[in-house]
Amino acid sequence: MPKALYLTTTLPYVNAEPHIGFALELVQADAVARAAHLRGQEIFFNTGTDEHGLKIKRTAEAAGLTPQAYVDQMAEKFRRLLPALGIWPEANFIRTTNPAHVTAAQEFWRRAAAAGDIYKKDYSLKYCVGCELEKTESELVDGHCPLHPKQEIELIAEENYFFRFSKYESPLLELYNSRPDLVLPESRLNEVKAFVGRGLQDFSISRSAAKQPWGIPVPDDPTQTMYVWFDALVNYVSAIGWGSDEEKFKNWWPVVQFAGKDNLRQQSAMWQAMLMSVCLPPSKQIIIHGFVTSGGQKMSKSLGNVIDPFALANDYGSEAVRYFLLRHVQPFEDTDVTPEKFKEAYNANLANGLGNLVSRVMKLASDHLPASPELQRGELAPAVVEERTLEDFKELNDHLTKFEFSRAMDEIWRHIGLHDAYIQETKPFSLIKTEPDKARQIIAKLVQGLADLAVCLEPFLPQTSATIKNLVKENKTPPQPLFPRK
RNA sequence: AGCGGGGUGGAGCAGUGGUAGCUCGCAAGGCUCAUAACCUUGAGGUCCUUGGUUCGAAUCCAAGCCCCGCUACCA
């Protein structure tokens, strides 16, 4: 097993508030990072914000701010999401406006250009006069802007730089065939294979600086600004020192990426082609998650069904949000989330399940077992001393290596149920009056069970895991319930 | 239209040839250590439809119906 593991999320575009879908991506990446760390790997966890482009400029203007002031404020919100979700504390937070990133993006451009992969060509923009916005083919309905169907779309010819994507058609297909686990799940790999197999067209990677000044200047051509795609993707290498600290870069590359299904093509085709262009090895793995829908529909402000991760964390705590996202959201498919479902899962499994079990076991233990130091000497129950690691729980590990978070947690909750049933069957609370020794052994066994659960929970609910370990160590009942019923 | 995924008790899902299972919800009983928590049992299913293969199909094959994703500049 390699010693170093580099993981990254995508960088969310900051033209909207952080939303629960991105929280899912962060939490998935975090669980993988923590599990790997427990296996002894060193972790570089990357996330951050994507801050350039025309949309940002427009959103900033609408808010009466300069682009820089606007992105500063938004980046702060995204940064605050990390502690709110209990994400890896040493996570690197990169902003595409960071000077180091700007330099790296320009260097990346130069190398791609040196490889002969960048050239100038006329690009015809589709422009809706009604919106005063550039439109893409997929935004149009019957060749018209859906908001202004009576107005003709204007074609504006502009000279842009293009990236020779077409050159990488066969290399990409070879990559997919030689590395069938590059993209997970398999259905997404097939999708991107089909996309590349249909034939690739070069894509534009710059815009006129006069119209779109908010971005990274193209090296040696001040009349052009890099298109955000090109700029933002480079963050995955700039974050670990590419172009400035080769030693560091070599230590961490290649990357394990987490991304949403809307990012499949950019991450697994375009970005991989860009890497080939500058002669870097491809990503190690790209894990594609589904979308979180709300009430059966895509979340939108106008529908009023947006689920705010901050509000959830505020009401239920970061551990509860992590729990829900990892266990009750399908890792690879779209999942519908509502406040009711969240509450139901919280009460059933955290309050009644895990939290209640900790309370009842630790009450028995603190009342009837000698204090922990004696326990650790093994006088009463040698089992309690046993220190286990995540690797002792094989099924759980198997699920985790396949990124099947909910199955891994199902396994944990199955054990919680077994503990509850065991208490019911053996009745240590009555037995203590008639056969105290036997009762104490049962209780000690339960305490060991809690300790084991804490080990299993560590990648998913790190704080809860630490709390349980501490209670076991101190032989104390929790002063407040771990998860109060809501 | 093409390619891909899917249709399983009220809800969400698992199950890929051999008596239909899990979680939540619902009902009854039990327990009292615990956060009115916990345990046991029960009710509830034409496993989309039709035809086929087979001793036997939710599971394989064929046709059909329905839902979803992808078919490039959506950060």
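Heavy atoms only: backbone and side chains are in, while hydrogens, waters and symmetry mates are out.
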TODO: Sequence neighbours left out, what pairs pass ring pair (Phe, Tyr, Trp, His ring centres under 6.0 Å) with at least one residue falling in residues 329-367 of chain A?
DONE: A/Tyr316-A/Phe342, A/Tyr316-A/Tyr346, A/Phe324-A/Phe342
- [ ] Using atom CG of A/Leu446 as one end and atom C1' of B/A34 as the other, report the distance to the nearest whole Å.
- [x] 12 Å
TODO: Could you tell me how the ring of A/Phe165 sits relative to the ring of A/Phe203: parallel (under 30°), tilted (30 to 60°) or perpendicular (over 60°)?
DONE: perpendicular
Open item on the list: Using a heavy-atom cut-off of 4.0 Å across all strands, would you classify A/Leu264 as base, sugar-phosphate, or nothing?
Closed with: nothing
Task: Under 3.5 Å on both distances, the Watson-Crick or G-U partner of B/C3 - done: B/G69
TODO: Using a 4.0 Å heavy-atom cut-off across all strands, classify A/Gly199 as base, sugar-phosphate, or nothing.
DONE: base
- [ ] Give a yes-or-no answer on whether the side chains of A/Tyr227 and A/Asn160 include a donor-acceptor pair shorter than 3.5 Å.
- [x] no
Task: Pair listing, ring pair (Phe, Tyr, Trp, His ring centres under 6.0 Å) test, anchored in residues 405-445 of chain A, at least two apart - done: A/Tyr323-A/Trp413
TODO: For B/U59 and B/U53, measure between their C1' atoms and round to the nearest Å.
DONE: 14 Å
Open item on the list: Quick check for you: among B/G12, B/C31, B/A34, whose closest atom lies nearest to any side-chain atom of A/Lys341?
Closed with: B/G12
Heteroatom pairs (N/O) under 3.5 angstrom, protein to nucleotides 24-26 of chain B:
residue, atom, partner, partner atom, Å
B/C24, O2', A/Glu344, OE1, 3.0
B/C24, O2', A/Glu344, OE2, 2.4

TODO: Considering only atom C1', compute the distance from B/C26 to B/A11 and round it to an integer number of Å.
DONE: 12 Å
- [ ] May I ask you to verify if any side-chain N or O of A/Arg407 is less than 4.0 angstrom from the OP1 or OP2 atom of B/G15?
- [x] yes
Open item on the list: Assess whether a salt bridge exists between A/Glu61 and A/Arg58, defined as any Lys/Arg side-chain N lying under 4.0 Å from an Asp/Glu carboxylate O.
Closed with: no
TODO: Could you tell me whether the side chains of A/Ser283 and A/Gln257 share a donor-acceptor contact shorter than 3.5 Å?
DONE: yes
Open item on the list: Please report whether the ring centroid of A/Phe108 lies less than 6.0 Å from that of A/Trp271.
Closed with: yes
Open item on the list: In whole Å, measure the gap between the P atoms of B/U71 and B/G9 for me.
Closed with: 32 Å
Task: Opposite nucleotide pairing with B/G10, Watson-Crick or G-U, both atom distances under 3.5 Å - done: B/C24
- [ ] Rounded off to whole Å, could you give me the CD-to-C1' distance for the A/Gln330 and B/A14 pair?
- [x] 10 Å
TODO: Report yes or no: is the cationic atom of A/Arg265 (NZ for Lys, CZ for Arg) under 6.0 Å from the centre of the six-membered ring of A/Phe195, at an angle within 45° of the ring normal?
DONE: yes
Open item on the list: Taking the minimum atom-to-atom distance to the side chain of A/Trp229, which one of B/C73, B/C39, B/A72 wins?
Closed with: B/C73
Open item on the list: Given B/C73, B/U35, B/C39, identify the nucleotide with an atom nearest to the side chain of A/Ala351.
Closed with: B/U35
- [ ] Specify the separation, in whole Å, of atom CZ of A/Phe342 and atom P of B/U23.
- [x] 21 Å
TODO: Determine the contact category for A/Leu482: base if any of its heavy atoms lies under 4.0 Å from a base atom, sugar-phosphate if only primed atoms, P, OP1 or OP2 are that close, otherwise nothing.
DONE: base
TODO: Output the single nucleotide from B/U32, B/C38, B/C73 whose closest atom is nearest the side chain of A/Phe203.
DONE: B/C73
- [ ] Determine, for A/Arg407 against A/Asp410, whether the closest basic-nitrogen to carboxylate-oxygen distance falls under 4.0 angstrom.
- [x] no
- [ ] Take the protein atom NZ of A/Lys55 and the nucleotide atom P of B/C73, then report the distance between them rounded to whole Å.
- [x] 12 Å
TODO: Write down the distance between CD (A/Glu340) and C1' (B/G12), rounded to a whole number of angstrom.
DONE: 14 Å
Open item on the list: Does the structure show a Watson-Crick or G-U wobble partner for B/C60, both distances under 3.5 Å? Name it, or say none.
Closed with: B/G52
Task: Atom pair distance, as rounded to whole Å: CD1 in A/Ile416 and C1' in B/A37 - done: 14 Å
TODO: Test A/Glu191 against A/Arg188 for salt bridge (Lys or Arg N to Asp or Glu O under 4.0 Å), laying out the working first.
DONE: CA-CA 5 Å; A/Glu191 206 176 301; A/Arg188 297 294 174 200; 2.8 Å; yes
Can you pull every protein N or O that's under 3.5 Å from an N or O on nucleotides 68-70 of chain B?
residue, atom, partner, partner atom, Å
B/G69, O2', A/Arg188, NH1, 3.4
B/C70, O4', A/Glu191, OE2, 3.4
B/C70, O3', A/Arg265, NH2, 2.9

Task: Partner set under side chain to side chain contact (heavy atoms under 4.5 Å, CB included) for A/Gln201, not counting sequence neighbours - done: none
Task: Sugar-phosphate, base or nothing in reach of A/Gln266, heavy atoms under 4.0 Å - done: base
- [ ] Name the residue closer to the 5' end of RNA chain B, choosing between A/Arg327 and A/Val361 according to the nucleotide with the nearest heavy atom.
- [x] A/Arg327
Task: A/Met270, nearest nucleotide to its side chain (from B/A72, B/A34, B/C39) - done: B/A72
Open item on the list: Both A/Ser430 and A/Phe165 contact RNA chain B. Taking the nearest nucleotide for each, which residue is further toward the 5' end?
Closed with: A/Ser430
Task: Under-4.0 Å salt bridge between A/Glu17 and A/Lys77 - done: yes
Task: Cation-aromatic face contact A/Lys121/A/Tyr161, 6.0 Å, 45 degrees - done: no
Task: Whole-Å C1' distance, B/A37 and B/C31 - done: 12 Å
Task: Nearest to side-chain heavy atoms of A/Arg207, which nucleotide of B/C73, B/C39, B/A34 - done: B/C73
Open item on the list: Under a 3.5 Å threshold, yes or no: a donor from one side chain and an acceptor from the other, between A/Thr464 and A/Glu319?
Closed with: yes
TODO: For A/Asp231, report the nucleic acid contact type (base, sugar-phosphate, nothing); a contact means any heavy atom under 4.0 Å.
DONE: nothing
Output one line per pair: protein atom, nucleotide atom from nucleotides 3-8 of chain B, and distance, for all N/O pairs under 3.5 Å.
none

